[in-house]
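Note that this is a predicted model, so its numbers are computed, not measured. No hydrogens, no waters, no symmetry mates; every other heavy atom, side chains included, goes into these values.
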Amino acid sequence: MGGAELDNSQSTSNRGTVSGYDAVAIQSRWRDRWQADDLYRVDDNSPLPKWYSLTMYPYPSGTLHVGHWYAFAVPDVFARYKRMNGFNVLFPMGFDAFGLPAENAAIRHGIHPATWTYDNIAHMRKQYDQMGAMIDWSREVISSDPEFYHWNQWIFLRMLERGLAYRKAGPVWWCPNDKTVLANEQVIDGNICERCGAEVSRRDLEQWYFRITEYADELLECLNDLDWPERVITMQRNWIGRSEGARVAFTMENGEALDFFTTRPDTVWGATFMVLAPEHPLVPSLTTEAQREEVEAYVDRSRRRSDIERMSTDDENERTGVFTGSTIRNPITDEQIPIWIADYVLMGYGTGAIMAVPAQDQRDFEFARTFGLPIRVVIQPDGEVLDPETMTEAYAGPGTLVNSGQFNGVRVPEGVPAIIEWLQSEGRGAAEVNFRLRDWLISRQRYWGTPIPVVYCDGCGIVPVPDDQLPVLLPLDAEFTPTGQSPLVSHEAFLNTTCPSCGGEARRETDTMDTFVDSSWYWFRYTSPHEANAPFDKDAAARWTPVNLYTGGIEHAILHLLYARFITKVLNDLGFVEHREPFVRLRNQGIILAAEGTKMSKSRGTQVAPDELVAVHGADVLRLHLMYLGPWDQGGPWNDRGLTGMERFLRRVYTLAVDTAAVIDQPESSIDASTERTLQRLTHATIERVSRDIEGFQFNTMVAALIEMSNALGDLRSDDLLTTGPWRDAIRTLVLLLAPSTPHLSEELWEKLQGEYSVHHRSWPTFDPEKAKEDSIELIVQVNGKLRDKIVVPAGISEEEARKVALASDRVAEHLAGSEPRRVIYVPGKLVNVVA
RNA sequence: GCGGGCGUGGCGGAAUGGCAGACGCUGCGGUCUUAAAAACCGCUGGGGAAACCCGUGCGGGUUCGAAUCCCGCCGUCCGCACCA
């Protein structure tokens, strides 16, 4: 990889050795010892309560950058903290190893995707060890391993049996650059490929889908019970997009019904025309001969336009559309109204048809004005009379129904359920719920993924591959040519097979699965990574899952997290897991930007290579620095100036601990009561702060608390103190509190202080509120809310006493200037405010 | 357009109704040293000799007291964007 040598314990840097603290040497020494001792092996049979911390497994792109450290080192601190607090912790790691970059490397550089992927993994695994991460590599999961993707295929077959996987023809997103179809969730800004940024377009193709819409209601409902960032919950809620309304039927000229969906059934008397999506299947038959040419031209144009153009709101006043020549009877008003087509109506939502109520809907209003169609007001707002002739925009607010037959005078929104009920009794409609969420398109026309385990037989049709013939192996001897076609299509040995049902000639499916299928259940596999007869061992999964804490980037707020929730519910329905939500608590890290505040970029050379920093400063310093940058969910621009501060801090800790260790064999000496209290208070107050901050994911203030403690110890330090009990307690506590953050240094110092190996198996210090209590406080004295004096008083001071002390202050007297205090406010243990 | 987050010294940030700027960086001055580095000590929001005054994007409000709560703007980042 050409980067810095990681393991250079004879480092040319002398920065760490001046005070005797050689971070790099300490680090490699303990890493070797821990590896030899298998310190991070997870015990499935531990009697301790379990804790499952999980970080989204990375794509093996080749090298860990600072962003990977940020995403992994900080949760590693949390996992270590949990372990010291008596939990049996699973904090596994693996690789999201299928996907396009490997295939592109094959096409461009002639390296096989497997070679490229597994070489990258080997390098990255070493880098994770450099980080000091507590990974049990015996549980590693690599999604491109047949022993993993075997179970993708198995889960697919179970879903096929239940009708949750199916094949369907229809318009799908096609990326011309990646030469594959994409799921709706992978298209951003209307027509951009989430992966490569190319402009995507619609194609009519037959593809495989997972029926995620079957779970739409539950996916929405369960969001309320999750300890997730509000932002992510809102994004999922919007993506699922539930809306309540009614399905209503109007009658066409030939007597047949035409259905549409509306959320405003209360405005049905105001429907003055109807609009269909250009792709609506009834368009050809509804089009009259006189209109045919115009309609066909419009349909053709719509098909060509990208969705971004079709849906752009920039030109919302320029409504386009064409009259079909047909009319339809609105059975509520018994009027014949015209049927138009327009591309603001989408085929993919509802029934692809709407009733247009121009007075009450802005889009319909603009359309009516553009084409001179009638407008009838059916909702009058309070204190204002709308006139269709003069209105300049639609009115969608509350009001009273007018021009609405027997419902005149009914209030909006109260009238909506009444009208739905009436429509139902008339046989004209029924309540209905619609979702924005579509089924998940999972097939990809690419090589480096899980083969979809079905065959096509001329006699039997689509035939699933039987379980005992799994896995359908991805052939490694495929030809990579930049044709854009999957190598599987031209791989005769793979393609040609026999039908499992009739034994006749058959062809294999050559599409592979979306890699989001892998990440929709991979965390179950960590609980029993070598299970050979099932995706995972049921008991092991029951023991460890659900995941207590999941961390990762906000960019997966919809895609991965929605799919993972869906597959968990499916696995629950299949009886394989005991819960319906996979991740109890979710936290997102922010993005580390380049120093300039822009995105880190390899090509512009703004990417920060952690290997070089580790070789100079050591992993402990880098871990601390990343925690100290600011709130973890905020990210921010990288700067390396702060590294200096962390290095100084650790050197001070090293000096304090080593000097204490040097006299650790001497008998304990006596200490005066006041210094003893000071040390006790400092120690216990810091335990409290550090514990609270880690629990609350506030790692920046956690580090500040540790720095403050070591600064205070530095100030107190004297030769006599070093051999006293309270000092030794304080130093040992500091080392324990640092252990999750700086695993290498803490182990080194713990050994010198004659602590039992390993510091990482010790218990977290317990906090005694009595010992943390202050004996005296600084009473803040204000006059009219402005600070005027600070008076040291006993911590348990009474209100009466505090008022007396404050009013006796010269400074207060000065500012009162002889006038009598009108009021005195006392905040217990904090301040007195004298109001003049 | 709609929804959400954020806005505090030279910089990263702390304080979520009670001392604004913890902690770190930077900068300046000093100790040690032949010298430098490292380490250590002091200062480091603005004004002022001081008392004190001003100060948390801008304007208003609530409160004894507001960075923090409320209303209205401005800026910035993110999400959604004709979903009937």
Side-chain angles (χ1 to χ4, degrees), chain A residues 14-15 17-19 188-190 229-232 234-235 237-239 241-243 245 260-264 267 275 277 307-308 310-316 319 342-346 348-357 361-364 366-367 434-438 554-555 557-558 591 597 624-625 628-631 633-634 636-649 651-652 655 698 700-708 711 714-715 778-790 811 814-815 821-827 829-836:
Chain A
N14 57 5
R15 298 192 63 174
T17 56
V18 171
S19 66
I188 54 174
D189 293 339
E230 200 50 47
R231 214 150 72 97
V232 176
T234 306
M235 281 165 77
R237 204 171 272 145
N238 291 341
W239 188 264
R242 182 183 201 272
S243 50
F260 59 88
F261 175 75
T262 177
T263 55
R264 294 296 306 274
T267 63
V275 187
D307 266 33
I308 198 90
R310 277 181 67 163
M311 302 196 301
S312 161
T313 42
D314 296 343
D315 56 350
E316 60 186 8
R319 294 280 167 203
D343 61 11
Y344 79 89
V345 176
L346 309 172
Y349 188 78
T351 65
I354 61 157
M355 66 167 184
V357 185
D361 182 283
Q362 186 60 22
R363 296 155 299 182
D364 299 344
E366 286 157 10
F367 196 83
N434 250 286
F435 294 92
R436 212 186 79 110
L437 182 72
R438 311 293 151 77
I554 187 82
E555 67 273 19
I558 298 173
I591 299 165
L624 277 183
H625 177 60
Y628 201 59
L629 276 177
D633 61 355
Q634 223 170 275
W638 168 259
N639 76 75
D640 47 17
R641 292 200 314 265
L643 284 168
T644 319
M646 293 306 108
E647 203 158 22
R648 284 180 192 154
F649 162 51
R651 204 171 293 152
R652 282 197 299 271
T655 307
Q698 308 207 270
N700 54 334
T701 50
M702 184 266 296
V703 176
L706 290 168
I707 295 173
E708 281 178 56
N711 287 348
D715 291 343
E778 218 174 30
L779 187 71
I780 301 306
V781 181
Q782 297 180 331
V783 178
N784 292 330
K786 290 197 172 181
L787 175 71
R788 295 303 175 192
D789 208 351
K790 297 177 187 180
R811 311 292 334 285
E814 257 172 63
H815 285 276
R822 284 195 293 130
R823 211 174 138 187
V824 178
I825 285 148
Y826 175 63
V827 181
K830 276 191 176 159
L831 101 167
V832 174
N833 185 17
V834 182
V835 184

Below 4.0 angstrom from OP1 or OP2 of [N], is there any side-chain N or O of [X]?
X: A/K786; N: B/A20; value: no
X: A/R641; N: B/G12; value: no
X: A/S243; N: B/A84; value: yes
X: A/Y628; N: B/G24; value: no
X: A/N711; N: B/G24; value: yes
X: A/R823; N: B/C64; value: yes

With heavy atoms under 4.0 Å as the rule, sort [X] into base, sugar-phosphate or nothing.
X: A/T234; value: nothing
X: A/R822; value: nothing
X: A/R231; value: sugar-phosphate
X: A/R788; value: sugar-phosphate

Mind checking the [atom1] distance from [N] to [M]? Whole angstroms is fine.
N: B/A20; M: B/C53; atom1: P; value: 12 Å
N: B/G48; M: B/G55; atom1: C1'; value: 15 Å
N: B/U56; M: B/A50; atom1: P; value: 23 Å
N: B/C74; M: B/G60; atom1: C1'; value: 15 Å
N: B/G57; M: B/A67; atom1: C1'; value: 12 Å
N: B/G59; M: B/G45; atom1: C1'; value: 23 Å
N: B/U16; M: B/G1; atom1: P; value: 35 Å
N: B/G79; M: B/G24; atom1: P; value: 36 Å

Quick one: [X] [atom1] to [N] [atom2], roughly how many Å, whole number?
X: A/N238; N: B/A81; atom1: CG; atom2: P; result: 9 Å
X: A/H625; N: B/U26; atom1: NE2; atom2: C1'; result: 14 Å
X: A/M646; N: B/G13; atom1: CE; atom2: P; result: 14 Å
X: A/L629; N: B/G12; atom1: CG; atom2: C1'; result: 7 Å
X: A/R264; N: B/A84; atom1: CZ; atom2: C1'; result: 11 Å
X: A/I554; N: B/C6; atom1: CD1; atom2: P; result: 14 Å
X: A/D633; N: B/G12; atom1: CG; atom2: P; result: 17 Å
X: A/F649; N: B/C23; atom1: CZ; atom2: P; result: 13 Å

With [X] via salt bridge (Lys or Arg N to Asp or Glu O under 4.0 Å) - residues at least two apart:
X: A/R788; result: none
X: A/D361; result: A/R363
X: A/E814; result: A/R811
X: A/E708; result: A/R689

**OP:** Between A/A704 and A/G636, name the one whose nearest nucleotide on RNA chain B is closer to the 5' end.
**Re:** A/G636
Subject >> Most 5' of A/R652 and A/N784 on RNA chain B, judged by nearest nucleotide >> reply: A/R652
**OP:** With sequence neighbours excluded, tell me which residues meet ring pair (Phe, Tyr, Trp, His ring centres under 6.0 Å) with A/W638.
**Re:** A/H625
**OP:** Could you pull out all residues at least two apart from A/F435 that satisfy ring pair (Phe, Tyr, Trp, His ring centres under 6.0 Å)?
**Re:** none
Below 3.5 Å between N/O atoms, which protein atoms pair up with nucleotides 14-18 of chain B? Just atom names and distances, please.
residue: B/A14; atom: OP1; partner: A/N700; partner atom: ND2; Å: 2.9
residue: B/G18; atom: N2; partner: A/Q782; partner atom: OE1; Å: 3.4
residue: B/G18; atom: N2; partner: A/N833; partner atom: ND2; Å: 3.3

Original post:
Under a 3.5 Å cut-off on both pairing distances, which runs of 3 or more consecutive Watson-Crick or G-U pairs involve RNA chain B?
Top reply: B:1-7 with B:74-80, B:10-12 with B:23-25, B:27-31 with B:39-43, B:45-47 with B:52-54, B:57-61 with B:69-73
**OP:** Would you please name every residue forming a side chain to side chain contact (heavy atoms under 4.5 Å, CB included) with A/K830, sequence neighbours left out?
**Re:** A/V827
**OP:** Sequence neighbours left out, what passes side chain to side chain contact (heavy atoms under 4.5 Å, CB included) with A/T263? Give chain and number order.
**Re:** A/S243, A/F261
Original post:
Counting only heavy atoms not in A/I780, do more than 12 sit closer than 6.0 Å to its CD1 atom?
Top reply: yes
Original post:
Is the number of heavy atoms from other residues, nucleotides or ligands within 6.0 Å of CZ (A/R231) greater than 12?
Top reply: no
Original post:
Considering only heavy atoms and no angle criterion, is a donor-acceptor pair shorter than 3.5 Å present between the side chain of A/R319 and the base of B/C82?
Top reply: yes
**OP:** For A/N711, enumerate each residue passing the side chain to side chain donor-acceptor pair (under 3.5 Å) test, keeping only those at least two apart in sequence or located in another chain.
**Re:** A/R652
Non-hydrogen atoms of [X] and [Y] that approach each other most closely:
X: A/F260; Y: A/T351; value: CA-OG1, 3.3 Å
X: A/I707; Y: A/F649; value: CA-CE1, 3.6 Å
X: A/N784; Y: A/V835; value: OD1-CA, 3.5 Å

Original post:
B/G45: syn or anti, with syn meaning chi within 90° of zero?
Top reply: anti
Original post:
Tell me, for nucleotides 46-51 of chain B in 5' to 3' order, what letter each nucleotide earns: B for a base near a protein heavy atom under 4.0 Å, S for only sugar-phosphate near one, - for neither?
Top reply: ------
